[in-house]
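Here the structure comes first, spelled out in structure tokens, and everything after it is commentary.
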Amino acid sequence: MTELKNDLLLRALLRQPTSRTPLWIMRQAGRYLPEYRATRAEAGDFMSLCRNPDLACEVTMQPLRRYALDAAILFSDILTVPDAMGLGLYFVTGEGPKFKSPVQTADAIRGLKVPDVEKELGYVFDAVRTIRRELNGKVPLIGFAGSPFTCGTYMVEGGSSREFPIIKGLAKEAPDVLDELMDKVAETTTEYLNAQIEAGAQAVQIFDTWGAALDPDDFRRFSLASMQKIVDGLTREKDGRTIPVILFTKGAGPLLRDLADTGCDALGVDWTTDLAQAREYVQDRVALQGNLDPATLRESPEVIREGVARTLASYGDGPGHVFNLGHGITPDIDPDNLGVLVDAVHELSPQYHK
Ligand code: CP3
């Protein structure tokens with residue numbers, strides 16, 4: 001087994017002391033990088049890129065060649081899970097993800113099967129093994145999945161949605177049916193993440209982009225409860241190391257308290273909550289990851305540095321902070337601006353770890 005040369009991320013996620021604040025960036029491999037666009041063109045389209053372990057490995061490594069980041073994140077998508085459940089994922093340029101067979105009725109949900117993840121998602125585990133080999137211990141590899149509710153919005157609505165009319169209708173009119181959908185996706189996701197861990201993922205993050213679109217009671221019943229089932233079922237130790245679990249509910253606000261109760265190790269925080277406030281909510285029970293507004297990366301180097309300084313100061317002294325954006329980097333960002341951010345974290349964070 002290769003020794004991990006930079007374990008800052010894993011230490012910070014477990015709130016252990018580090019010499020500086022580690023960082024990675026959500027969507028760090030993506031369309032803002034010209035080399036990503038070239039590899040995607042070589043693959044043909046986005047899903048072909050995800051299904052090709054060598055090319056998925058190549059795009060995973062691209063941001064690490066440019067920037068001093070402390071983690072790699074598996075290149076894939078959260079919607080590979082519903083695809084493996086038989087919904088038929090495809091992408092329409094300009095319209096985002098779509099499903100050929102959305103599940104919009106009680107009968108369709110009852111008919112859904114928990115798939116054999118090794119058979120349907122083996123290409124993801126091949127990518128994890130390929131990336132670990134290529135990383136050769138440089139930094140840890142983060143695996144991920146979507147939350148059952150976030151995947152559920154796409155599975156039920158058939159694609160991206162603003163208001164979530166169909167799934168919110170189920171939550172109010174047929175909550176037992178929605179529970180069944182959440183259970184099936186949670187079971188699949190638990191097996192999927194455990195197989196990523198088995199293949200070499202050293203930390204995992206659950207992306208709950210849309211859970212906070214529910215009212216707090218429904219958030220707890222559907223999104224939180226299904227993430228709880230996943231947390232309870234995950235492999236938490238491998239090769240003598242803890243596998244940290246990060247939950248990221250965008251827009252969680254005070255619900256960070258409930259998320260900290262799940263027994264996860266860390267919570268992602270978006271930019272609508274100050275890290276100082278988030279730290280008060282969770283009372284140092286878990287590490288925090290975030291939370292600079294991605295829009296800041298459109299500004300001048302001075303404004304970016306100032307944003308980094310304010311984010312670090314808001315978390316304040318002590319371990320347990322992983323620097324990140326509050327959501328994914330957007331395709332319009334100048335790659336040099338991310339370099340300014342990375343350098344600022346390296347330069348400004350050691351003073352908080354004395
Ligand atoms: O963070 C990373 O670098 C890992 C890779 C990753 C992708 N998607 C790659 C991707 C991760 C973690 C995701 C998560 C994801 N996918 C979420 C949750 C997190 C979030 O950002 O809110 C959601 C809701 C999706 C579903 C999805 N996939 C959408 C809405 C889109 C955008 C479609 C569009 O046309 O804009 C995707 C496609 C996608 N996933 C891209 C990438 C790099 C862009 C596809 C391309 O290259 O054209």
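Whatever order the structure lists ligands and atoms in, that order sets their numbers, starting from 1.
- Checked against a 3.5 angstrom limit, the closest N/O atoms of Arg31 and ligand 1 fall inside it.
- The protein heavy atom nearest to atom 41 (C) of ligand 1 is Phe46 CE1, 3.7 Å.
- An N or O contact shorter than 3.5 Å is missing between Trp210 and ligand 1 by distance.
- For ligand 1 and Gln28, the ligand atoms under 4.0 Å from any heavy atom of the residue are 3 (O).
- Between the side chains of Glu134 and Thr60, not a single donor N or O lies within less than 3.5 Å of an accepting N or O.
- At the shortest separation from atom 24 (C) of ligand 1 among protein heavy atoms lies Tyr154 OH, 3.1 Å.
- Contact check on Asp232 versus Lys229 returns no salt bridge, with no Lys/Arg side-chain nitrogen under 4.0 Å from an Asp/Glu carboxylate oxygen.
- In this structure, Leu49 does not count as a contact residue of ligand 1, since none of its heavy atoms falls inside 4.0 Å of the ligand.
- At a threshold of 4.0 Å, the pair Lys172-Asp215 counts as salt-bridged, since one of the basic side-chain nitrogens sits closer than that to a carboxylate oxygen.
- In this structure, the protein non-hydrogen atom closest to atom 23 (C) of ligand 1 is Ile78 CD1, 3.4 Å.
- Both the sub-6.0 Å distance and the 45° axial angle are not jointly satisfied by Arg40 relative to the ring of Phe46.
- Heavy-atom neighbours of Lys98 NZ from other residues, nucleotides or ligands within 6.0 Å: above the threshold of 12.
- With respect to Glu163 and Lys168, no salt bridge is recorded, no charged nitrogen being found less than 4.0 Å from a carboxylate O.
- With respect to Asp293 and Arg310, no salt bridge is recorded, no charged nitrogen being found less than 4.0 Å from a carboxylate O.
- For ligand 1, the polar-atom distance check against Arg27 finds a nitrogen or oxygen pair separated by under 3.5 Å.
- Ring-plane geometry between Phe125 and Tyr192 is classed as tilted, the angle between the planes lying from 30 to 60 degrees on a 0 to 90 degree scale.
- For atom 26 (C) of ligand 1, the closest non-hydrogen atom on the protein side is Asp77 OD2, 3.6 Å.
- Nearest protein heavy-atom contact of atom 6 (C) of ligand 1 is Ser76 O, 3.4 Å.
- Polar contact check, Thr209 against ligand 1: a nitrogen or oxygen pair lies under 3.5 Å apart.
- The protein heavy-atom contact nearest to atom 33 (C) of ligand 1 is Gly96 CA, 3.7 Å.
- Ligand 1 lies within reach of Ala29, whose nearest heavy atom is under 4.0 Å from it.
- Not a single heavy atom of Lys250 sits less than 4.0 Å from an atom of ligand 1.
- A donor-acceptor pair under 3.5 Å is absent between the side-chain atoms of Lys250 and the main chain of His327, judged by distance alone.
- A salt bridge links Arg236 with Asp265: the distance from a Lys NZ or Arg NE/NH1/NH2 to an Asp or Glu carboxylate oxygen falls below 4.0 Å.
- For ligand 1, the atoms closer than 4.0 angstrom to any heavy atom of Phe75 are 43 (C).
- Checked for salt-bridge contact, Arg65 and Glu35 miss the test: no charged N lies under 4.0 Å from a carboxylate O.
- If you check which protein heavy atom lies closest to atom 11 (C) of ligand 1, you get Phe144 CZ, 3.7 Å.
- Residue contacts with ligand 1 include Phe91, since one of its heavy atoms falls under 4.0 Å from the ligand.
- Nearest protein heavy-atom contact of atom 21 (O) of ligand 1 is His327 NE2, 3.2 Å.
- With a heavy-atom cut-off of 4.0 Å, Thr93 does not touch ligand 1 at all.
- A 4.5 Å side-chain heavy-atom check between His353 and Thr21 finds at least one atom pair inside the cut-off.
- The Tyr36 neighbourhood of ligand 1 comprises atoms 43 (C), 46 (C), 47 (O), with distances under 4.0 Å to a heavy atom of that residue.
- Pro331 does not count as a contact of ligand 1, since none of its heavy atoms falls under 4.0 Å from the ligand.
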